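These notes concern the structure reproduced below.
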Amino acid sequence: MEGRYTQRLADDFYQRSTVEVARALLGKILVHEGAAGVTAGRIVEVEAYLFHNDAACHAARGQTARNAPMFGPPGTAYVYLIYGIHYCFNVVTGAEGEGEAVLVRALEPLVGLEIMAERRGTAAINKVAAGPGNLCRAMAITKEHNGHNLHDPPLYLADDGYVVSELVTTTRVGISAAADLPLRFYIAHNPFISRK
DNA sequence: TGGCAGATTTTA
DNA sequence: AAAATCTGCCAA
């Protein structure tokens, strides 16, 4: 149990294009050592948001107080509140000064299943961390993690050697602008994704 | 300074 | 289909 996900992603993991990082994040582990205990899950679904030619990206119109973390160094957390209710967790990518990020949309719960189920109010394992809002709820990720360096506890990314067998590329969910861009990626046939 | 849209989720 | 509920951002 302890030490299983200690192989944290190093800085050079993020030293490549946002799309490459997004695809590489599939299969990696998101770990949160929270007050209620450790929760962790495998990333099975992500979306890329690009600085250039992507009107759906929060940073598309330049830097503001809200999207500032997106312009920070890659490997930073960008967490924001959407619809006044749900948090969305992103991994900042792209060079410093370039507002890009990868939205993590779904996890396969691996550690702390009971904690996650209680936070979510459901024990349905394939729905506990499916969808960006639900994922943050299950993992207790909030605005306080905004700007956090994802190399360090309590919130970090790890690699357990898992290899993705088949990767699917589709258009992103829930956006009106740039809805035709193929920037959503998920593990094929995975039962934990938020939707087909 | 106010109004509105939004990378969602659940069912009032 | 529509509500729940917050806030950054720009003038609908």
Side-chain angles (χ1 to χ4, degrees), chain A residues 17-26 28 30 39 41 43-72 74-94 98-109 116-148 150 155 157 168-187 190-196:
Chain A
S17 77
T18 292
V19 168
E20 287 178 290
V21 174
R23 298 168 68 100
L25 278 172
L26 291 176
K28 299 301 184 291
L30 178 63
T39 50
I43 297 172
V44 300
E45 178 185 349
V46 299
E47 286 178 358
Y49 286 85
L50 309 179
F51 192 34
H52 298 290
N53 305 310
D54 180 6
C57 180
H58 285 179
R61 293 187 214 186
Q63 185 168 345
T64 65
R66 180 209 201 189
N67 64 28
M70 293 183 76
F71 291 83
T76 299
Y78 169 48
V79 183
Y80 66 91
L81 185 67
I82 189 66
Y83 299 114
I85 304 176
H86 307 286
Y87 286 107
C88 290
F89 168 73
N90 298 253
V91 177
V92 172
T93 53
E98 222 177 17
E100 309 207 325
V102 176
L103 170 70
V104 179
R105 291 189 53 91
L107 302 177
E108 170 189 355
M116 291 194 241
E118 183 179 343
R119 286 171 180 157
R120 285 276 292 110
T122 176
I125 191 67
N126 62 326
K127 295 187 176 127
V128 163
N134 288 335
L135 178 159
C136 285
R137 182 96 184 279
M139 294 288 288
I141 294 172
T142 69
K143 198 157 193 168
E144 74 184 63
H145 300 104
N146 192 30
H148 173 74
L150 290 170
L155 188 65
L157 290 160
V168 179
T169 302
T170 64
T171 54
R172 295 171 294 183
V173 175
I175 54 172
S176 52
D180 56 328
L181 298 182
L183 294 175
R184 174 170 176 252
F185 310 100
Y186 63 87
I187 298 176
N190 188 284
F192 300 96
I193 61 177
S194 65
R195 44 170 288 189
K196 303 269 184 183

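Just so it is clear, the model here is predicted, and its values are computed rather than measured. In the text below, chain A, chain B and the rest are named by the order of the sequence lines, each starting its count at 1.
- The local environment of CD in Q63(A) is crowded, with over 12 non-hydrogen atoms from other residues, nucleotides or ligands closer than 6.0 Å.
- Judged by the 6.0 Å and 45° rule, R66(A) forms a cation-pi pair with Y80(A).
- Once you apply a 4.0 Å limit to the heavy atoms of chain A, the touched nucleotides of DNA chain B run 5' to 3' over dG6(B) to dT10(B).
- Side-chain atoms of R137(A) come within 3.5 Å of backbone N or O of R119(A) as a donor-acceptor pair.
- Side-chain atoms of D180(A) never come within 3.5 Å of backbone atoms of T171(A) as a donor-acceptor pair (strictly under, hydrogens ignored).
- Using P as the reference atom, dT5(C) and dG2(B) are 23 Å apart when rounded to the nearest Å.
- Atom CD1 of I125(A) is separated from atom CZ of R120(A) by 11.0 Å, given to the nearest 0.5 angstrom.
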Self-check item: Verdict with supporting geometry, Y87(A) and H145(A), side-chain hydrogen bond (donor to acceptor under 3.5 Å, both in side chains)
Solution: CA-CA 11 Å; Y87(A) 286 107; H145(A) 300 104; over 6 Å; no
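- Note on R120(A): only backbone sugar-phosphate atoms sit closer than 4.0 angstrom, heavy atoms only; bases stay farther off.
- Contacts of K127(A) with the nucleic acid, taken as non-hydrogen atoms under 4.0 Å apart, are absent.
- As rounded to the nearest Å, dG6(B) and dA12(C) have C1' atoms that lie 15 Å from one another.
- Of the possible donor and acceptor atoms, one in the side chain of E100(A) sits under 3.5 Å from a partner among the backbone N and O of F51(A).
- Between the CD1 atom of I141(A) and the CG atom of L155(A) there is a distance of 5.0 Å, given to the nearest 0.5 Å.
- One finds the SG atom of C57(A) at 11.0 Å from the CG atom of L103(A) (value rounded to the nearest 0.5 Å).
- Within the 4.0 angstrom heavy-atom criterion, no nucleotide atom of any strand lies near R172(A).
- For residues 77-93 of chain A, proximity to DNA chain C is found at L81(A), Y83(A), G84(A), I85(A), defined as any non-hydrogen atom under 4.0 angstrom from a strand atom.
- The main-chain N or O of V128(A) is never found under 3.5 Å from a side-chain atom of N134(A) such that the two would form a donor-acceptor pair.
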Self-check item: Nucleotide pairing, DNA chain C (Watson-Crick or G-U, distances under 3.5 Å), in dot-bracket with [ ] and |
Solution: ||||.||||||.
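- Taking CG of D54(A) as the reference point, atom NE2 of H52(A) lies at 11.0 Å (rounded to 0.5 Å).
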